[in-house]
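A short write-up of the structure that comes next.
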Amino acid sequence: MPSYRIIVDLSDRMLYLLDGNRVVRGYPIGIGKMVTRTPTGEFTIINKQSNPGGPYGALWMGLSKPHYGIHGTNDPSSIGREVSRGCIRMHNADVLQLSSYVPVNTRVTIRP
């Protein structure tokens with residue numbers, strides 16, 4: 001059975017899905033603006049919500065740090081840029097694919 005975890009690399013604006021120590025997929029992301037940076041550290045996915053509305057695109061995955069999550073976007077041009085209030089933005093198709101791999105309680109490491 002796979003042992004998935006997520007590593008978010010803010011410096012290259014990529015989210016990596018790992019099975020053990022092997023990278024399974026890499027996805028481009030949008031990250032927090034200078035004044036609302038994406039937090040770094042160790043977190044877990046605590047919930048998932050399909051079609052949350054507003055700017056969150058097709059899916060929201062909440063992190064153990066309150067008010068932060070990994071989510072889709074209604075603005076695909078924001079991917080690859082520093083645009084959010086600290087959340088991690090993904091293309092809607094990417095966040096849906098990622099969500100199919102990772103259950104609630106998946107470990108998420110966000111590094112600078």
- Please report the shortest heavy-atom distance between Pro112 and Asp9, naming the atom on each side. O-OD1, 3.7 Å
- Tell me, do Leu18 and Ser3 make a side-chain contact under 4.5 Å, heavy atoms counted? no
- With a 4.5 Å heavy-atom cut-off, do Ile6 and Leu98 have their side chains touching? yes
- Query: Taking all atoms of both residues into account, what is the closest heavy-atom pair of Met14 and Gly26, and its distance?
  - Reply: CE-C, 3.6 Å
- Message: Side-chain heavy atoms nearer than 4.5 Å, only ILVMFWY residues, links allowed to pass through others: does that put Leu96 and Val8 together?
- Response: yes
- Flag for Asp75-Thr73: side-chain donor and acceptor within less than 3.5 Å: no
- Item | Main-chain N/O of Gly62 paired with Lys48 side-chain donor or acceptor, under 3.5 Å | no
- Kindly work out whether a path of hydrophobic side-chain contacts (I/L/V/M/F/W/Y, heavy atoms less than 4.5 Å apart) joins Val104 to Ile88. no
- Item | Residues Ile7, Arg111; criterion side chain to side chain contact (heavy atoms under 4.5 Å, CB included); working and verdict | CA-CA 8 Å; Ile7 293 181; Arg111 60 189 189 200; 3.6 Å; yes
- Message: Would you say Ile110 ends up clustered with Tyr101 if hydrophobic residues are merged whenever their side chains have heavy atoms under 4.5 Å apart, either directly or through other cluster members?
- Response: yes
- Query: Does Asn92 reach the main-chain N or O of Ala58 with its side chain, forming a donor-acceptor pair under 3.5 Å?
  - Reply: yes
- Message: Quick check against the 3.5 Å criterion: does Ser64 have a side-chain atom that pairs as donor or acceptor with the backbone of Ile45?
- Response: no
- Query: How far does SG of Cys87 sit from CD1 of Ile29, to the nearest 0.5 angstrom?
  - Reply: 11.5 Å
- Distance, nearest 0.5 Å, that separates CG of Asp94 from CG of Leu17: 11.5 Å
- Which atom of Arg13 lies closest to which atom of Glu82, heavy atoms considered: NH2-OE2, 2.9 Å
- Can you name the one residue among Asn21, Thr109, Asp19, Thr44 that meets side-chain hydrogen bond (donor to acceptor under 3.5 Å, both in side chains) with Arg5? Asn21
- Query: Quick one: does Trp60's side chain get under 4.5 Å of Asn47's, heavy atoms only?
  - Reply: yes
- Report whether Met90 and Val24 are members of the same hydrophobic cluster (ILVMFWY, side-chain heavy atoms less than 4.5 Å apart, transitive linking). yes
- Message: Any heavy-atom pair between the side chains of Met61 and Val102 that's under 4.5 Å?
- Response: yes
- Query: Are more than 12 heavy atoms from other residues, nucleotides or ligands located less than 6.0 Å from atom OH of Tyr27?
  - Reply: yes
- Message: Contact between Arg89 and Tyr56 at the side-chain level, heavy atoms closer than 4.5 Å - yes or no?
- Response: no
- Does a side-chain heavy-atom distance below 4.5 Å link Val95 with His71? no
- Item | Common cluster, Ile46/Val108, ILVMFWY with side-chain heavy-atom separation under 4.5 Å | no
- Query: Among side-chain atoms of Arg107 and Tyr4, is any donor-acceptor pair under 3.5 angstrom?
  - Reply: no
- How far apart are the closest heavy atoms of Leu63 and Gly69, and which atoms are they? CG-CA, 3.9 Å
